[in-house]
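What you see below is based on every heavy atom in this structure, not just the backbone, and it leaves out hydrogens, waters and symmetry mates.
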Amino acid sequence: VLELALHAVEGLLAGVAAAPMIAGCDEIDGFPIQLVSDDKVRQLGIESWERTRPKTPVSQSRDLQRALQVVGRRLLSAAGEDPTRWEMVVFARNEPNAFALPGGKIGVFEGMFQVAANEDQLAAVIGHEIGHIQAEHSQERLSVAAAKQFGLRLVSAALQIGDVAY
């Protein structure tokens, strides 16, 4: 009986320890543990860009491409980045959205230019996206995902140790 009780307590402790990793970690601002290397995050960003480019047509508007280049270069320089190391593209999609990926990639959809009425508004959007990269939000999300996966494996192992069916 004592052995069964110890197994139950071990399982409970494992579950309590893993609970923060399983539920609600996405809301943690500034995830405290770096579980994915900078190089891996950069590599994943570049791979994502390389999958997106062939599937998403590039805008044929020279004016939109030029506006993105001018605003993007100015913001990257102000943020202490080397603009020549970044690739910026306007994609031919009507949704009002933009994104930045680790590895120096910025994408803006044509629909954003319908919402952003001038270069200042476009700068606010692009600056926001650059801020995500500099704040390492991609790194945080990947670390949270890795922690959740670890937590699920920990709970699974605890349940197997205690012969608990799941």
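Atoms OG1 and CZ, on T56 and R51 in that order, are 11.5 Å from each other to the nearest 0.5 Å. Distance check, rounded to the nearest 0.5 Å: NZ of K55 to CZ of F91 gives 12.0 Å. Rounded to the nearest 0.5 Å, atoms CZ (F99) and NE2 (H132) are 13.0 Å apart.
For W49 against E87, the heavy-atom pair with the smallest separation is NE1-OE1, 3.1 Å. When every heavy atom of L64 is checked against every heavy atom of V90, the shortest pair comes out as O-CG2, 3.6 Å. Minimum interatomic distance between M112 and N97 (heavy atoms only, all atoms of both residues): CE-N, 3.4 Å. Annotation for V115 and Q121: closest pair O-OE1, 3.5 Å, computed over non-hydrogen atoms.
Using a 4.5 Å heavy-atom threshold, the side chains of I106 and I130 count as touching. Proximity of I133 to W86: side-chain heavy atoms (C-beta onward) are separated by under 4.5 Å at one or more points. Residues Q114 and P96 form no side-chain contact, since every pair of their non-hydrogen atoms from C-beta on lies 4.5 Å or further apart. When side chains are defined from C-beta on, V108 does not count as touching V125, because their heavy atoms never get closer than 4.5 Å.
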Show the atom names and distances, to 0.1 Å, of all donor-acceptor pairs under 3.5 Å that link a side chain in residues 66-78 to residues at least two apart or in another chain.
from, atom 1, to, atom 2, distance (Å)
R66, NH2, D63, OD1, 2.8
Q69, NE2, M88, O, 2.7
S77, OG, R73, O, 3.1

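E129 and K105 are not joined by a salt bridge, as no carboxylate oxygen comes within less than 4.0 angstrom of a charged side-chain nitrogen.
Contacts classified as salt bridge (charged side-chain N to carboxylate O under 4.0 Å, His left out) and involving residues 106-117 (residues at least two apart or in different chains) are not found.
Residues passing the ring-ring contact (aromatic ring centres under 6.0 Å, His included) test with F113, sequence neighbours excluded: none.
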